[in-house]
Number of protein chains: 4
Amino acid sequence: MGKKKGPKYNQIIEAAVRVIAKHGYHQAQVSKIAKEAGVADGTIYLYFENKEDILISLFEEKMGSFVETIRERIASEKSAAEKLLIAVKMHFEQLQADQNLAIVTQLELRQSNTELRLKINSIFKNYLILLDELLTEGKEAGQFLSDLDNRLARQMVFGTLDEVVTNWVMKECKYDLVASADPVHRLLLRAFRA
Amino acid sequence: MGKKKGPKYNQIIEAAVRVIAKHGYHQAQVSKIAKEAGVADGTIYLYFENKEDILISLFEEKMGSFVETIRERIASEKSAAEKLLIAVKMHFEQLQADQNLAIVTQLELRQSNTELRLKINSIFKNYLILLDELLTEGKEAGQFLSDLDNRLARQMVFGTLDEVVTNWVMKECKYDLVASADPVHRLLLRAFRA
Amino acid sequence: MGKKKGPKYNQIIEAAVRVIAKHGYHQAQVSKIAKEAGVADGTIYLYFENKEDILISLFEEKMGSFVETIRERIASEKSAAEKLLIAVKMHFEQLQADQNLAIVTQLELRQSNTELRLKINSIFKNYLILLDELLTEGKEAGQFLSDLDNRLARQMVFGTLDEVVTNWVMKECKYDLVASADPVHRLLLRAFRA
Amino acid sequence: MGKKKGPKYNQIIEAAVRVIAKHGYHQAQVSKIAKEAGVADGTIYLYFENKEDILISLFEEKMGSFVETIRERIASEKSAAEKLLIAVKMHFEQLQADQNLAIVTQLELRQSNTELRLKINSIFKNYLILLDELLTEGKEAGQFLSDLDNRLARQMVFGTLDEVVTNWVMKECKYDLVASADPVHRLLLRAFRA
DNA sequence: GATGAATGAGCTTTCATTCAT
DNA sequence: GATGAATGAAAGCTCATTCAT
């Protein structure tokens, strides 16, 4: 069970994103996802352990690379300030690129509990580590305040970005999210700069 | 229906906070809340329209005064910067003072359906207005950057405070939250200061 | 939960006997039992933990007194042989008196597994104890063979009675079961008699 | 369909016995039997009509010869009493020789639905005929009571043997079942003897 | 003949809400 | 006003069976 291959696996995950984005987390029944995916209810269980496994897999597949993509992309940047800019930009870009996914991850999936929330947190943990490294690098380079509290700074970055994105989603993704990257980056930088 | 009076109204809300904090949002059945409140299941419906109304009312009662208290207290402060400090401090103080409530508002109620969360957000609208006024005042006084984007700044303040509090709750309220007020305020101020 | 009182409790058990006797164990859905009992599906769960609890309770209520009734009735008999006659007769009488129940206990309930079968066995254990005492008494009184193996004799009595009843049920209770008590008793007595 | 040939037919039946003995009737899914037999799920249906047909065939194959073996072996015995002894002994021997099969026929298959159990009973009909003949022969030879009721005597023999074997299986086949043949035979003979 | 991926009907249990007392 | 017994809709998951390859 749970053999993660074949086109059906992806079909089902894509269907889940669409159904959750359209009908909401609590109205995303297995049968609705199956119908949207064009498979029988039982087929779901050939590819996923249970309903929660669909959601966890969705998150892993869709967000698993989220942080890694940012990490790889900022590696070539020279200063912590420039890395932060790229990170903010990519954060917004990735979510703006798939608005259904943004709805699902910013609003709907947060209604889940148990294992899924843990999974979400564990993926975000990598994000926090990345931010930590970035902040430390900035401090060591004398770019950022030497007495900056990493934990608070991290919470400021993540809290700000999350809040900006969530507001954008709640405003039905009507405006350009990426356009906020620069001003947000400027604000954060002013806060951190030595 | 929905007659908001009598001691039972408050009994039920207090019971709901305790039950949700203890058992979690998804295990907070109406019957459990009724039992904790010492009333019959049916009595709940003499004071509330339905289960969602309990949660909305809980939020209104508990957080409604939250913003007002802050507003009144900062009225006497002279500068926007000082007002911001007080706001941050009071935000943390009020949540640290009632940790059950903090668990409920920061973690549990966010598992509720999207509709409820929209109503929760509308309650926070007053908070956003307060922050708006504060930011504008700072800009007019030349204390804050004149080209500060109020929306982004607001999201930075709210996002940061929310993230700081949520992390504190997830760490089981083990450390002193109010102690973070000063450093958080310093960070925010650096970002906004002209 | 599982408050065993009120007329509904018995209504549901009686309905379960009728439904199982008529439709068989595997076609006795909770909803069918509820309908037959004239209550809503959910009402079942005010009186019983779960479906299995209905069946266990059915067995306890209906068969719990089975052995005790026999024990009380044979207490006044003088010889082991007479006690055996009464036991056989009452065994048959009690099952003939409620033919639906006989169908349920002889055929349908044996299709169950897990806890219910353990319960059935534990109730039968009392029967085995009663037979043991009866056999020992007969041996001590010199009426039964002194070298009679209690275990085998017990298995002969129980196996014979059970087989006779099961055959009667499978023949749709068409003939008089109690009429077999005397000849069965005579056969058993010949086997045991000193 | 249901072409009963090829080595796979037997493979599947043997697999079914092992799976049912190990996992129990309710955990013996077709896919589990197929896996144990080393064939694909679909292959099962080239050899059997449906799942019930596997179980009936299992019973026919395994128990069909059961009675014939006894019949052939007792043909050479002279008296009904001696024939009965041999029958009892062989009944026990055959089941003790294949304990998995004993578990399946004495315990697990009895959890099957009533319909399957009726078919199982029809397979035992030959056994009943054999016992009938044996009893009649004993009566005609003046060895058994002339007024012995064949039906009851048959039920006593079958019920006793079945109960003895079932108890042995439930005690996990720990003791020597065949050792009970003699004392059981002695008991039965005393009951029937003229 | 053999495969095994796909099917989809079917059922127990929970819990917000009602309403007769 | 207060009660709490009764309601009944709703949904995740299993598994015997099929059929295209």
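Letters A, B, ... mirror the listed sequences (proteins, then strands); counts begin at 1. The structure displayed is predicted, hence computed values, not measured ones.
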Query raised in the report: Is there a residue in residues 11-20 of chain B whose heavy atoms reach under 4.0 Å of DNA chain F, and which residues are they?
Result: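 The stretch gives none, as no residue of it lies under 4.0 Å from the strand.
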Would you kindly give the [atom1]-to-[atom2] distance between [X] and [N], to the nearest whole Å?
X	N	atom1	atom2	answer
His26(C)	dC11(E)	NE2	P	12 Å
Asp41(C)	dA6(F)	CG	P	14 Å
Phe48(D)	dT18(F)	CZ	P	16 Å
Tyr9(C)	dA6(F)	OH	P	15 Å

Query raised in the report: What pairs meet the salt bridge (charged side-chain N to carboxylate O under 4.0 Å, His left out) rule with one or both residues in residues 9-29 of chain A, with sequence neighbours excluded?
Result: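 Found Glu14(A)-Lys62(A), Arg18(A)-Glu36(A).
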Mind checking side-chain hydrogen bond (donor to acceptor under 3.5 Å, both in side chains) for [X] and listing every partner two or more places apart, or none if nothing turns up?
X	value
His23(C)	none
Lys8(B)	none
Thr166(D)	Gln106(D)

Pull out every protein N or O sitting under 3.5 Å from an N or O of nucleotides 19-21 of chain E, one pair per line with the distance.
none

Query - Ile20(A) and Leu55(A): CA distance, side-chain angles, deciding distance, side-chain contact (heavy atoms from CB on, under 4.5 Å) verdict - result: CA-CA 10 Å; Ile20(A) 295 173; Leu55(A) 306 177; 3.5 Å; yes
**Report entry** Set of residues satisfying ring-ring contact (aromatic ring centres under 6.0 Å, His included) with respect to Phe66(D), sequence neighbours excluded
**Finding:**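 In terms of ring-ring contact (aromatic ring centres under 6.0 Å, His included), with neighbours along the sequence ignored, Phe66(D) is linked to His91(D), Tyr127(D).
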Query raised in the report: With Phe124(A), which residues qualify under ring-ring contact (aromatic ring centres under 6.0 Å, His included), at least two apart?
Result: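 By the ring-ring contact (aromatic ring centres under 6.0 Å, His included) rule, Phe124(A) matches Phe158(A).
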Requested in this report: Decide yes or no on side-chain contact (heavy atoms from CB on, under 4.5 Å) for Leu58(C) and Leu101(C), but give the supporting numbers first.
Outcome: CA-CA 10 Å; Leu58(C) 183 166; Leu101(C) 181 63; 4.2 Å; yes
Query raised in the report: Is the phosphate of dA6(E), meaning OP1 or OP2, less than 4.0 Å from a side-chain N or O of Lys8(A)?
Result: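 Lys8(A) to dA6(E) OP1/OP2: side-chain N or O found under 4.0 Å.
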Query raised in the report: Do the side-chain N or O atoms of Tyr47(B) get closer than 4.0 angstrom to the phosphate oxygens (OP1, OP2) of dA2(F)?
Result: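 Result: yes.
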Report task. Check whether any side-chain heavy atom of Val169(B) sits under 4.5 Å from a side-chain heavy atom of Leu95(B), and report yes or no. Result ->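 No, too far: nothing below the 4.5 Å cut-off.
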Query raised in the report: Got Leu46(C) and Val39(C) here, is their nearest side-chain heavy-atom distance under 4.5 Å?
Result: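 No; the side chains remain at least 4.5 Å from each other.
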Report task. Between Lys51(C) and Thr43(C), just flag the one whose closest nucleotide in DNA chain E comes earlier from the 5' side. Result ->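 It is Lys51(C), whose closest nucleotide lies nearer the 5' terminus.
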Query - 5'-most by nearest nucleotide on DNA chain E - Ile44(D) or Glu52(B) - result: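 Per heavy-atom nearest nucleotide, the more 5' residue is Ile44(D).
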Requested in this report: Apply side-chain contact (heavy atoms from CB on, under 4.5 Å) to the pair Tyr47(B) and Ser57(B), showing each step before the final yes or no.
Outcome: CA-CA 10 Å; Tyr47(B) 294 91; Ser57(B) 303; over 6 Å; no
Query raised in the report: Can you give the dot-bracket line for DNA chain F, where a pair is Watson-Crick or G-U wobble with both atom distances under 3.5 Å, crossing pairs use [ ], and | marks a partner on another strand?
Result: .||||||||||||||||||||
**Report entry** For DNA chain E, the residues among residues 27-40 of chain C that have a non-hydrogen atom under 4.0 Å from it
**Finding:**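 Only Gln29(C), Val30(C) qualify.
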Query - Residues forming a side chain to side chain contact (heavy atoms under 4.5 Å, CB included) with Ser31(D), sequence neighbours excluded - result: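 By the side chain to side chain contact (heavy atoms under 4.5 Å, CB included) rule, Ser31(D) matches Gln29(D), Asp41(D).
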Requested in this report: Check the pair Asn50(A) / Val30(A) against side-chain contact (heavy atoms from CB on, under 4.5 Å), numbers first and verdict last.
Outcome: CA-CA 9 Å; Asn50(A) 47 41; Val30(A) 170; over 6 Å; no
